[in-house]
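Following: one structure in structure tokens, then a few remarks.
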Protein chains: 2
Amino acid sequence: MEPLDTALYDRPSVTVDVVVLTLRGGCLEVLLVRRKEHPFLNYWSLPGGFIWKGESLDEAAARVLRHKAGLEAEAGRTRRPGGHPIYLEQLYTFGSPNRDPRARVISVAYYALVEQSHVREISEESGLFRLLLKDEENVAEIYDAKGKKYSLAFDHAEILAVAVRRIRGKLSYTPIGFELLPERFTLRELQAVHEAILQKKLNKASFRRKMLASGLLQPTGEFERGTGFRPAELYRFRREA
Amino acid sequence: MEPLDTALYDRPSVTVDVVVLTLRGGCLEVLLVRRKEHPFLNYWSLPGGFIWKGESLDEAAARVLRHKAGLEAEAGRTRRPGGHPIYLEQLYTFGSPNRDPRARVISVAYYALVEQSHVREISEESGLFRLLLKDEENVAEIYDAKGKKYSLAFDHAEILAVAVRRIRGKLSYTPIGFELLPERFTLRELQAVHEAILQKKLNKASFRRKMLASGLLQPTGEFERGTGFRPAELYRFRREA
DNA sequence: GCAATAGTGTCTATGAGACAGTATAGC
DNA sequence: GCTATACTGTCTCATAGACACTATTGC
């Protein structure tokens with residue numbers, strides 16, 4: 001077997017960028033990190049990194065999640081601190097020839113769904129930003145808590161747009177809203193997650209019926225406490241199904 | 001701006017592989033090419049190629065479609081010989097560290113939907129093969145016209161499995177079946193496409209209602225000829241919608 | 001009792017499947 | 001007339017939205 005002649009072709013660098021999504025205050029938010037290098041010095045950007053030798057794409061994404069987002073992970077099986085895995089899925093691969101001004105860099109984008117309490121608080125180097133995607137737009141908009149708008153490094157605003165569209169589409173046939181909630185949650189909380197992602201109000205009775213009929217929710221027999229009104233039952237996601 | 005230090009990281013080669021799907025004899029088929037090099041010498045494989053400098057991933061996929069599958073294309077806008085574009089979409093990126101025994105090769109897979117008459121006839125170097133994906137399997141099976149089964153090069157049987165699952169999912173919320181048919185077609189032909197992809201019989205009246213209600217079909221006022229039974233009206237896909 | 005939300009029941013509209021019935025081509 | 005398929009009408013069933021009604025908590 002002769003060695004592969006790679007000199008004839010472009011030899012791009014390949015990175016993995018991870019869109020870490022969470023829910024806070026009824027809004028979809030994304031974890032961004034501040035760049036410490038040129039180009040786009042001091043711009044906010046998606047956490048990412050180059051692929052290492054001997055590492056699969058999934059493993060690289062889990063490593064980025066662990067090192068850059070502080071989310072515990074095992075090789076290939078990223079886990080929440082609590083124990084069960086963080087939702088992590090490949091999104092799309094971005095490879096416009098000039099998306100990085102330094103060199104040819106192809107980015108395999110992933111997205112992760114994380115419960116808000118597991119994400120580090122905002123700091124100088126990283127933070128959660130509100131994520132807004134208008135219909136018909138192909139770039140997402142990013143705001144901090146004060147409502148200030150930011151431009152992102154590279155084509156990361158486009159990657160975010162693809163991520164939001166993907167999760168909206170996915171939600172319409174899969175109830176992945178769980179992944180943004182603690183292990184036990186009420187149906188009201190789950191409905192709020194769906195409403196925040198889909199950006200529209202849902203019918204309460206219908207939402208309950210559909211969720212319970214799916215067989216994916218397991219009632220725990222326990223209830224909320226100290227709500228000031230009738231407490232709702234807590235459910236758990238049946239991951240085996 | 002300092003140059004990117006790429007020596008610290010793995011520098012994989014990046015290829016594009018295209019799953020060209022078509023419909024023949026009521027079955028989903030895929031275009032494969034025979035390898036002329038090691039590894040997997042003489043094995044059938046997906047048409048593919050390395051990414052060139054200055055070329056986007058979409059453009060690379062269109063080029064592979066044009067050169068290796070003989071399907072006319074313009075930069076970024078692959079077109080059928082007749083005039084309207086061939087459906088071409090990014091599928092998934094495969095990057096297991098040992099998927100190519102020679103070197104680290106990451107493959108960005110695309111899939112294309114093509115009318116059967118536009119695909120070259122079977123030859124020594126390329127041909128159409130019947131494509132079968134069993135439930136719960138993560139590799140597809142490949143058969144020639146005589147029913148002989150083949151093993152594919154690299155992880156291409158896995159790529160095909162992902163492609164079949166993607167098109168099945170897509171069909172349930174988008175009527176991409178057109179893309180496998182000539183410009184004008186009957187509702188019976190369209191239904192046959194859906195049945196072949198989804199691997200199940202559909203209700204005729206219901207299928208008609210749904211398709212006509214979608215507003216995506218334009219009646220031409222013309223009819224089939226020489227069928228031996230009542231001829232059906234020919235429809236056209238309204239691409240502007 | 002009041003406020004607020006949990007959880008249920010009922011009506012309606014919509015859309016899919018089943019199936020029968022009429023229409024139209026070649027023979 | 002016969003056959004095969006096109007195309008339509010109707011019934012039923014499942015599901016979603018609308019909305020009202022009862023239940024349960026803290027105050």
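A note on names: the letters A, B, ... follow the listed sequences, proteins ahead of strands, and every chain is numbered from 1.
Between the CZ atom of A/Arg230 and the P atom of C/dT5 there is a distance of 14 Å, rounded to whole Å. Between B/Arg188 atom CZ and D/dC7 atom P there is a gap of 9 Å when expressed in whole angstrom units. D/dG17 atom P lies 10 Å from atom CD of A/Gln191, rounded to whole Å. To the nearest angstrom, P of C/dC19 lies 15 Å from NZ of B/Lys201. A straight line from OH of B/Tyr235 to P of D/dA6 spans 11 Å, rounded to a whole angstrom. One atom, CZ of A/Arg208, and another, C1' of D/dA20, lie 16 Å apart when rounded to the nearest Å. We find that CD of B/Glu189 is positioned 13 Å from P of D/dT5, with the value rounded to whole Å. The interatomic distance linking A/Leu190 (CG) with C/dA6 (P) rounds to 12 Å, in whole Å.
DNA chain C is contacted by both A/Phe229 and A/Leu212; A/Phe229 maps to the nucleotide lying nearer its 5′ end (nearest heavy atom per residue). Mapping B/Phe223 and A/Lys204 onto DNA chain D by nearest heavy atom places B/Phe223 at the nucleotide closer to the 5' end. Looking at which nucleotide of DNA chain D each of B/Glu233 and A/Gly226 is closest to, the 5′-most match is held by B/Glu233.
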Can you pull every protein N or O that's under 3.5 Å from an N or O on nucleotides 10-17 of chain C?
residue, atom, partner, partner atom, Å
C/dT10, O4, A/Arg209, NH1, 3.3
C/dG17, OP2, B/Ser206, OG, 2.9
C/dG17, N7, B/Arg209, NH2, 3.0

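Between the side chains of A/Thr93 and B/Thr93, at least one donor-acceptor pair of N or O atoms lies under 3.5 Å.
The pair B/Arg24-B/Glu29 counts as a salt bridge, with a side-chain nitrogen and a carboxylate oxygen less than 4.0 angstrom apart. A salt bridge links B/Glu224 to B/Arg188: at least one charged side-chain nitrogen sits closer than 4.0 Å to a carboxylate oxygen.
Between A/Val162 and A/Phe94 there is a side-chain heavy-atom pair separated by less than 4.5 Å.
Each of A/Ile86, A/Leu180, A/Leu88 was compared with A/Val114 under the side chain to side chain contact (heavy atoms under 4.5 Å, CB included) criterion, and only A/Ile86 meets it.
Between A/Tyr150 and A/Phe129, the angle of the ring planes goes over 60°, which puts this pair in the perpendicular group of the 30/60° scheme. Using bins of under 30°, 30° to 60° and over 60° for the plane-to-plane angle, the ring pair B/Tyr111/B/Tyr87 lands in the tilted bin.
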